[in-house]
Number of protein chains: 2
Amino acid sequence: MKEISIGLIGAGTVGGGVIKVLNNRLKAIREDMGLPLKLARVADKVTSRFKDLPVGDALCTSEAQDIIDDPSIDIVIELIGGTTFAKKVVLAALKAKKHVITANKALIAEYGPEIFECAGQNGVSFYFEASVGGGMPIIKTIREGLVGNNVLSIKTIINGTCNYILTKMSHDGLPFETVLKQAQEKGYAEADPTLDIGGGDTGHKVAILASLISNGYVPYEKISKEGITSISKDDIVFAKELGYTIKLLGIINRNVNEKDVDVRVHPAMLHTDHIIASVNDVFNAVLLEGDAVGRILLYGRGAGEMPTASAVVSDIIDVARNIASGNTIRIPMDYYSTDKEVPVKPFESISSRYYLRFTVTDKPKVLASIASYLGEHGISIASVMQKEGYSKDNVPVVIITHTASEQGIRDAIAGIENADYTRDKTQIIRIVD
Amino acid sequence: MKEISIGLIGAGTVGGGVIKVLNNRLKAIREDMGLPLKLARVADKVTSRFKDLPVGDALCTSEAQDIIDDPSIDIVIELIGGTTFAKKVVLAALKAKKHVITANKALIAEYGPEIFECAGQNGVSFYFEASVGGGMPIIKTIREGLVGNNVLSIKTIINGTCNYILTKMSHDGLPFETVLKQAQEKGYAEADPTLDIGGGDTGHKVAILASLISNGYVPYEKISKEGITSISKDDIVFAKELGYTIKLLGIINRNVNEKDVDVRVHPAMLHTDHIIASVNDVFNAVLLEGDAVGRILLYGRGAGEMPTASAVVSDIIDVARNIASGNTIRIPMDYYSTDKEVPVKPFESISSRYYLRFTVTDKPKVLASIASYLGEHGISIASVMQKEGYSKDNVPVVIITHTASEQGIRDAIAGIENADYTRDKTQIIRIVD
């Protein structure tokens with residue numbers, strides 16, 4: 001059998017990991033699996049990276065184009081990141097009839113339809129296991145392992161930065177800003193952490209997962225995304241006292257008889273004995289519910305050099321197995337197209353139990369007024385918590401509601417926030433079962 | 001593309017589930033995945049089963065041989081169970097160049113080499129996702145998702161019956177026999193529960209997993225298997241007081257630089273905050289450690305009609321995709337052969353921390369004598385627990401050791417059990433981190 005040649009574009013953290021993992025497993029891949037794989041070329045603008053990596057006799061270049069132009073390359077691995085140059089490279093590689101593997105969630109979430117269409121037209125595979133959940137084989141699990149199921153729901157902790165910050169806030173009793181700074185120092189958060197802490201990264205990942213399970217295209221920009229920046233020390237403490245943990249969740253709910261899908265990203269209160277409530281630090285988890293399999297959980301490291309490299313290498317083997325069996329597109333992705341856009345349910349239409357933290361001035365009848373606004377919108381109160389020890393003009397009133405509509409909650413809060421006793425924006429955290 | 005015809009042999013619980021799942025997903029399979037699958041024939045000795053199942057226009061027969069003899073059948077699903085007739089059927093189907101899918105762990109663990117060799121010789125696929133962990137895609141995760149890793153260890157709760165019994169014993173404070181009876185009444189334990197409660201079923205599953213991760217053949221009969229029948233109410237209570245939970249574990253440890261592998265099945269004490277300590281009832285979990293990915297956990301229902309059917313159907317799709325791409329054996333299993341037997345480390349050579357429960361008569365110097373026997377074998381004591389409220393001749397003395405060798409423990413206990421103060425067999429439970 002002819003050698004299968006890999007061209008790797010981007011030899012940064014993950015790229016370096018891929019080179020190491022390939023090197024480490026090359027004997028098993030070539031001998032036990034019978035796949036004549038070879039790392040043939042590596043491209044990176046920062047050519048100094050090559051000398052620290054076990055690139056073997058791969059040709060190294062500063063130009064991605066060299067790999068695209070090389071007719072001997074069968075598989076291109078895009079690990080550049082970003083969506084501008086990466087998109088150009090991916091489309092050029094596909095048009096050159098090379099199979100492409102990426103870890104780039106933003107690229108798929110934002111330009112998936114164009115990319116999958118291009119791959120289909122050129123009869124090549126486009127694989128992206130590392131784009132969601134790092135080393136956890138979540139894409140494979142959905143597209144292959146659970147293919148006998150209609151996946152009805154996904155609840156996922158899929159951003160390591162946010163989970164690290166929330167875990168630290170909870171364990172050490174520190175405020176958000178302090179923990180964010182620590183996370184940045186440790187390399188768990190980027191210098192510009194907006195995409196992580198604002199929920200955008202989780203949004204990219206759930207856009208991909210939602211598209212996969214609904215056999216259509218769920219556009220990233222249609223998904224409501226709320227990050228963790230508003231979560232206060234108080235919220236963490238109150239949650240604990242009430243028996244909950246706060247996690248940033250990606251949530252997908254599908255009803256096979258409905259066209260639209262509920263997809264959203266927001267902080268959520270999970271009861272402490274919820275199966276994913278104890279997923280801490282940088283760990284990720286995906287809890288899926290299938291109509292045949294019931295609940296399935298995957299847990300592992302969702303990021304980092306080696307876990308992400310593990311996922312990229314599993315894609316390399318898959319694509320090599322495709323090539324060995326005659327180059328077919330094994331898993332058609334025709335549904336990931338703008339023609340098959342799946343409507344996202346308006347956030348206002350969901351219902352949930354709610355944690356509401358009002359910040360009010362301490363004067364008579366405030367609680368009665370809040371309760372009255374809630375009651376007017378059909379919202380029933382499950383419990384109330386008000387504590388001493390706050391300044392008179394900054395008293396937190398925490399209310400847990402029974403199941404209520406998002407629209408009702410928003411309307412009631414608009415009223416309460418207009419009242420003269422309200423001193424700050426109301427904190428709304430949805431309680432997830 | 002030519003229709004891909006399935007012949008299902010065995011329309012019992014799982015077989016019925018497969019028919020339902022196929023029926024449920026047929027439109028998605030044929031249209032979205034582009035796989036022209038068809039349930040063509042169903043065989044079962046109990047022909048009355050057919051009328052309650054959505055067999056569509058599949059031909060039903062009481063004779064498995066009808067399916068093997070039918071040249072139009074591409075894929076045979078063996079869901080007969082047992083290892084005698086099932087083995088004959090599987091080998092005959094493979095020789096007739098049909099791809100075979102099974103959920104039969106005993107068959108693979110005991111006759112894997114013969115079956116994989118036969119599949120290889122006939123150029124057909126033999127898939128077995130449902131044989132381990134029901135609906136959790138653990139075989140796919142190892143053979144595909146984690147293929148970039150050397151899997152270094154597996155710890156698994158993989159027998160639902162045992163986990164249900166241990167959970168109930170712990171939650172309800174009931175003795176083993178009572179809970180076993182309840183489990184039998186609820187259908188969670190067989191009329192003859194030996195294979196489950198004796199560790200044999202877990203042994204079958206770890207034999208398969210150990211073979212897969214060590215790229216060789218780990219024979220079932222070489223694996224030490226200890227069941228849960230000796231676990232007493234007292235052990236459960238003492239474990240709790242010490243901060244542990246008792247689970248039946250399948251354990252595999254590999255060192256890539258050593259030829260032999262540590263594989264065993266026994267009850268284990270897990271610290272209550274261990275990630276799989278809270279896997280309760282009939283749920284299963286597999287915790288894997290890969291050299292690239294780190295720790296990965298899969299959790300879900302390891303048995304039952306629909307979860308098992310979910311796994312069988314994922315195999316059907318995989319095999320159909322193989323057929324669609326030209327009938328190749330996508331994942332060679334040549335290593336699952338008696339030529340490539342992997343030696344299993346003698347149980348005596350392991351080391352661990354231990355929970356030891358001695359049953360002694362209450363007289364002076366007993367504890368000193370026990371401590372002395374342990375000391376003589378280099379075993380260091382971490383903690384001791386002795387309680388009031390037992391009859392003078394039936395006093396439990398519980399000792400937690402620091403890390404000690406299994407051989408040392410066995411030798412020390414032999415001495416202690418020969419002493420005149422010992423009244424019963426010593427309970428040994430290994431503590432697993």
Side-chain angles (χ1 to χ4, degrees), chain A residues 17-18 20-22 24-25 28-29 32-34 129 134-137 140-141 144-150 215 273 275 278 283 285 287-288 290-301 304 306-307 309-314 316-318 321-322 324-328 330-332 334-335, chain B residues 17-18 20-22 24-25 28-29 32-34 129 134-137 140-141 144-150 215 273 275 278 283 285 287-288 290-301 304 306-307 309-314 316-318 321-322 324-328 330-332 334-335:
Chain A
V18 169
K20 288 176 205 161
V21 171
L22 269 180
N24 192 23
R25 293 286 287 165
I29 292 167
D32 302 331
M33 301 174 210
E129 182 62 68
M136 295 186 292
K140 181 172 278 290
T141 295
E144 303 177 39
L146 300 185
V147 73
N149 292 258
N150 290 300
N215 240 29
D273 62 12
I275 186 169
S278 52
F283 279 88
L287 178 65
L288 302 100
D291 59 357
V293 78
R295 288 171 115 198
I296 285 266
L297 176 73
L298 269 80
Y299 166 94
R301 286 182 183 275
M306 299 304 274
S310 165
V312 171
V313 172
S314 84
I316 295 175
I317 305 298
D318 253 332
R321 283 171 173 160
N322 290 353
S325 71
N327 234 341
T328 339
R330 187 171 176 88
I331 305 176
D334 309 343
Y335 63 81
Chain B
V18 169
K20 287 176 205 162
V21 171
L22 268 181
N24 193 21
R25 292 287 286 165
I29 293 168
D32 302 331
M33 302 175 210
E129 182 63 69
M136 294 186 291
K140 181 173 278 289
T141 295
E144 303 176 41
L146 301 185
V147 73
N149 292 260
N150 291 299
N215 240 28
D273 63 13
I275 186 169
S278 51
F283 278 89
L287 178 65
L288 301 102
D291 59 357
V293 78
R295 289 170 115 198
I296 285 267
L297 176 73
L298 268 79
Y299 165 95
R301 287 183 182 274
M306 298 304 273
S310 166
V312 170
V313 172
S314 84
I316 295 175
I317 305 297
D318 254 332
R321 283 171 173 161
N322 290 352
S325 71
N327 233 342
T328 338
R330 187 170 174 88
I331 304 176
D334 308 344
Y335 63 80

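Qualifying side chain to side chain contact (heavy atoms under 4.5 Å, CB included) partners for A/N24, counting only residues two or more places apart in sequence or in other chains: B/N150, B/D291. Under the side chain to side chain contact (heavy atoms under 4.5 Å, CB included) criterion, B/D334 pairs with B/P332, sequence neighbours left out.
Neither the backbone nor the side chain of B/E129 comes within less than 4.5 Å of any heavy atom of chain A. Proximity to chain A is limited to the side chain of B/I317, based on heavy atoms less than 4.5 angstrom apart. The contact between A/I275 and chain B is made entirely by side chain atoms (from C-beta outward), counting heavy-atom distances below 4.5 Å.
Under a cut-off of 6.0 angstrom, the local environment of CZ in B/R321 is crowded, with over 12 non-hydrogen atoms contributed by other residues, nucleotides or ligands.
Taking every heavy atom of both residues into account, A/N149 and B/R25 meet most closely at O-CZ, 3.2 Å. Closest non-hydrogen pair, A/V21 versus B/A292, comes out as CG2-CB, 3.9 Å.
With chain A as partner, the option from B/G304, B/P307, B/G290, B/G300 having the largest number of non-hydrogen pairs under 4.5 angstrom is B/P307. Listed options B/P137, B/A28, B/G148, B/A285 were ranked by heavy-atom pairs under 4.5 angstrom with chain A; first place goes to B/G148. Taking B/D273, B/I331, B/L287, B/V313 one by one and counting their heavy-atom pairs under 4.5 Å with chain A, the maximum is reached by B/I331. The choice from A/L146, A/V18, A/D32, A/L22 that makes the most heavy-atom pairs within less than 4.5 Å of chain B is A/D32.
Taking CG of B/L297 as the reference point, atom CG of A/L298 lies at 8.0 Å (rounded to 0.5 Å). Taken from CE in A/M136 to OG1 in B/T141, the straight-line distance is 11.5 Å, to the nearest 0.5 Å.
Using a 3.5 Å distance cut-off with no hydrogens or angles, the side chains of A/R330 and B/N322 do pair a donor with an acceptor.
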